[in-house]
Student: 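What follows is a structure written as structure tokens; I'll ask about it next.
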Amino acid sequence: MTFSNKRTMDCLHWTLRKTSAEVLQQTRSTTKAHLPVIHPYLSNCGNKAMANNFARILSSKRNVGIMSLVGAGSLTAAFLLNREHVTAGAQVRRVYPASAEYPDLRKHNNCMASHLTPAIYAKLVDKATPNGYTLDQAIQTGVDNPGHPFIKTVGMVAGDEESYEVFADLLDPVIKERHNGYDPQIMTHPTDLDSSKLKSGKFDERFVLSSRVRTGRSIRGLSLPPACTRAERREVEKVVVDALAGLKGDLAGTYYSLTHMTDQEQQQLIDDHFLFDKPVSPLLTCSGMARDWPDARGIWHNNTKTFLIWINEEDHTRVISMEKGGNMKRVFDRFCTGLKEVERLIQEKGWEFMWNERLGYILTCPSNLGTGLRAGVHVNLPKLSKDPRFTKILDNLRLQKRGTGGVDTAAVGSTFDISNLDRLGQSEVQLVQTVVDGVNYLIDCEKKLEKGQDIKIPPPVRK
Amino acid sequence: MEKINDKMAKLTIKRLSPEEEFPDLSQHNNHMAKVLTQDMYTKLRDRATPNGFTIDGVIQTGIDNPGHPFIMTVGCVAGDEETYEVFKELLDPIIEDRHGGYKPTDKHKTDLNPDNLKGGDDLDPNYVISSRVRTGRSIRGFCLPPHCSRGERRGVEKMSVEALDSLSGDLKGKYYALKNMTDAEQQQLIDDHFLFDKPVSPLLLASGMARDWPDGRGIWHNDTKTFLVWVNEEDHLRVISMQKGGNMKEVFNRFCTGLTKIETLFKDKGTSFMWNEHLGYVLTCPSNLGTGLRAGVHVKIPNMSKHDKFEEVLKRLRLQKRGTGGVDTAAVGGTFDISNADRLGFSEVELVQMVVDGVKLLVEMEKKLEKGQSIDDLMPAQK
């Protein structure tokens, strides 16, 4: 366990769950309009120490006021007759019943569409997280992008940490489908960033051109990219950039804000293949994560260009360790060290990553829960990639292939991006080990085929 | 009442300060960016329309689309009729700037009597290939495309289709829902140049109007294919009258007759179009307020369009040019889409009159230039 105060983490999470429920209870029973409730989490928290910790986490140096405004029926009836404005955040009367609002998913093939029954929709449609994020917002990307007959996308996102609680009735089955049967209601996810446990991990560089490990981290207390306001996004940037400025040694680096980058810096980042651009994929843009681009987005990397962090792209942060060649061990070492250092630095200032025992690290897309980890290589497999057993071999090794441009690209020549399929239910060490073992197996097959020997489909590795 | 209390729909708004929320508009060139100040934002941020539409919803498209150094986009949208009231401090100056100095106290006149149009039936068909008049209408009581829920959008569709289905005579027609269209129907609509597709322009997408596509969207047209209605594209309804050739009078006749009939049908159902004395017809984009009317022709003016006084002539005639693919397209082979530049502050009849008179003049100038003659004595005064 990497957290110095894991117990606090658990307690905080419990507090979150409890107080979200308490907030729900409160609003159900109230009839008074505009009852301000300051700091709902704190008001229901008996433990002073936890409350203090939470207060530090939720408040930045500037004043963060969390206000809930509770609307009521008597006020809302007046809305229809009244052209005057109301206070932002007041409850809005829903005109149509859930059945009239239920999306048409008949042509859809994504995880959200598979699990969003009219009953679940009706149950969840009027709920909102304490930040005001609703079901309709969470599923918008899945409604707008029916999917592909062969690729099953997730079809929904989280707007904040609480989404995973408030919309659990939909998210849990989606998570279960996407993560190979992982049941968030009964299982726990192991986190292990002790890279010394990795066995072997140095690939034959005749085949492996580069090695890379990436994950994401979210800052607890701030909404996620689909839902965050500009100020929240800027706060994420500030918190992370402040922490990164404290990195030393081979991790010391520089931040390049997308808004303030010079042409020269931009060109260098493009040449290094570091620069990320405004997303064009409708899967991403429909979720609202590209709003206000390029405000508060940026790229940080260390001076040796082996440790890179994207800020406010699809997640609060994406952390990448990479180098040319096949030394996955060193890549993973740096990954773990860097991550732990960054975590320590944000904790010094009273912030934390979103994490819980049930779901591991919390990220925007349910597909990235758990470790959020994708460890991969660019590997040249001219003979194996043409073998009809290639796909089956990958499947059994729990690996996936992509083109070298990343997800949704085709392979160029016979060079593939090979990485782990799983994210949740296995620890970081376990997943990277899977990649190491699997890629070694693939290289072995390639070598056999070079010599004209036959290869075997391996038995499926433990899930 | 109990139903509402029962539901857990309470919003907690994280209030980082308005200074921290204020968008960075330093690279921007649109009407919203010109007008929005920190103080204005701070004030407006505390408000929402009764339907819950906020200032961030209004301006999102303008933040996400900084604009072009030469084209000034509006940079904001309305989520409902009340937006224009609740956020007047922002929208009034934008309207004034966009609509030629139209003041918050000005009144807009609506005139849909086609008999008031003089001429317009004799634009030279050797030059004028087609004539078209379009406008938009919003149904009172429903949120606009950037903000409407699926249920509301479907409600708009249902009500509109019911009204259109009761049209008769040469206006009798059929509705094609985008999501239920057969391949054959789709191909026919493409061949007729009627089919609209999911918008790709980020100006539109960023406003949220393309959500849930193609749910609730469709095309209605009459059997003779001269009167066409788009349902739930950028506005609740876009109404188009068009035909080949230069008989703008006939096009405008049909336009007015059809619109008036549709409006009557809506009134019979107990609703009406969004309209008021100050802003005329209320539509999603502030640029389409007033008449929401764009009357135009596709006209062959290869010589005139290369003339160095072309832009000046258009400006004086209060006309604008576009490529024949519509807004944001380039002209092909000297054929331009010429239409009225104004929407608000002039009536429908006045605007169509300007197009009729202006296009007539442009064709005269073209003929002169063909013969190598000068057009100096034809230069119009500023309208």
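Letters go in sequence order (proteins before strands), and every chain restarts at 1.
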Student: Assess the side chains of B:Asp24 and B:Ser26: does a donor N or O sit below 3.5 Å from an acceptor N or O?
Tutor: yes

Student: Can you see whether A:Tyr121 engages A:Asp169 through a side-chain donor-acceptor pair at a distance of less than 3.5 angstrom?
Tutor: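 Their side chains do not contain a donor-acceptor pair, so the 3.5 Å distance test is not met.
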
Student: Regarding B:Thr284 and B:Glu234, do their side chains bring together a donor and an acceptor under 3.5 Å, going by distance alone?
Tutor: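 No, no side-chain donor-acceptor pair sits under 3.5 Å.
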
Student: Any side-chain heavy atom of A:Asp144 within less than 4.5 Å of one from B:Asp212?
Tutor: yes

Student: Under 4.5 Å from any heavy atom of chain B, what part of A:Ile139 do you find: side chain, backbone, both or neither?
Tutor: side chain

Student: Under 3.5 Å, is there a donor-acceptor pair linking the side chains of B:Tyr175 and B:Glu157?
Tutor: yes

Student: Return the orientation label for the B:Phe273 and B:Tyr281 ring planes: parallel under 30°, perpendicular over 60°, tilted otherwise.
Tutor: perpendicular

Student: Count the heavy-atom pairs under 4.5 Å between each of A:Ala100, A:Cys286, A:Pro146, A:Pro294 and chain B, then report the option with the highest count.
Tutor: A:Ala100

Student: Only one of B:Val231, B:Leu195, B:Leu189 clears side-chain contact (heavy atoms from CB on, under 4.5 Å) with B:Tyr176; which?
Tutor: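 Only one of B:Val231, B:Leu195, B:Leu189 forms a side-chain contact (heavy atoms from CB on, under 4.5 Å) with B:Tyr176, namely B:Leu189.
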
Student: Between B:Asp56 and chain A, which part of the residue has a heavy atom less than 4.5 Å away: side chain, backbone, both or neither?
Tutor: side chain

Student: With a 4.5 angstrom heavy-atom cut-off, is it the side chain or the backbone of B:Glu152 that approaches chain A, or both, or neither?
Tutor: both

Student: Please classify the contact between A:Ala98 and chain B as side chain, backbone, both or neither, with a heavy-atom cut-off of under 4.5 Å.
Tutor: neither

Student: So what's closer than 4.5 Å to chain B heavy atoms on A:Arg291: side chain, backbone, both or neither?
Tutor: both

Student: Please flag which part of B:Phe142 lies under 4.5 Å from any non-hydrogen atom of chain A: side chain, backbone, both or neither.
Tutor: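 Interface part for B:Phe142: side chain.
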
Student: Side chain from CB out, backbone as N, CA, C, O: work out which of these in B:Phe53 comes under 4.5 Å of a heavy atom of chain A, or both, or neither.
Tutor: neither

Student: Less than 4.5 Å to any heavy atom of chain B: does that hold for the side chain of A:Thr259, its backbone, both, or neither?
Tutor: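 The side chain, not the backbone.
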
Student: Is a side-chain donor-acceptor pair under 3.5 Å present for B:Thr83 with B:Asp80?
Tutor: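 Note: B:Asp80 and B:Thr83 side chains meet the donor-acceptor criterion.
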
Student: Under a 4.5 Å heavy-atom cut-off, does chain B meet the side chain of A:Arg106, its backbone, both or neither?
Tutor: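 For A:Arg106, the side chain is the part near chain B, not the backbone.
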
Student: Where on B:Lys179 is there a heavy atom nearer than 4.5 Å to chain A: the side chain, the backbone, both, or neither?
Tutor: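 For B:Lys179, heavy atoms of backbone and side chain both lie under 4.5 Å from chain A.
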
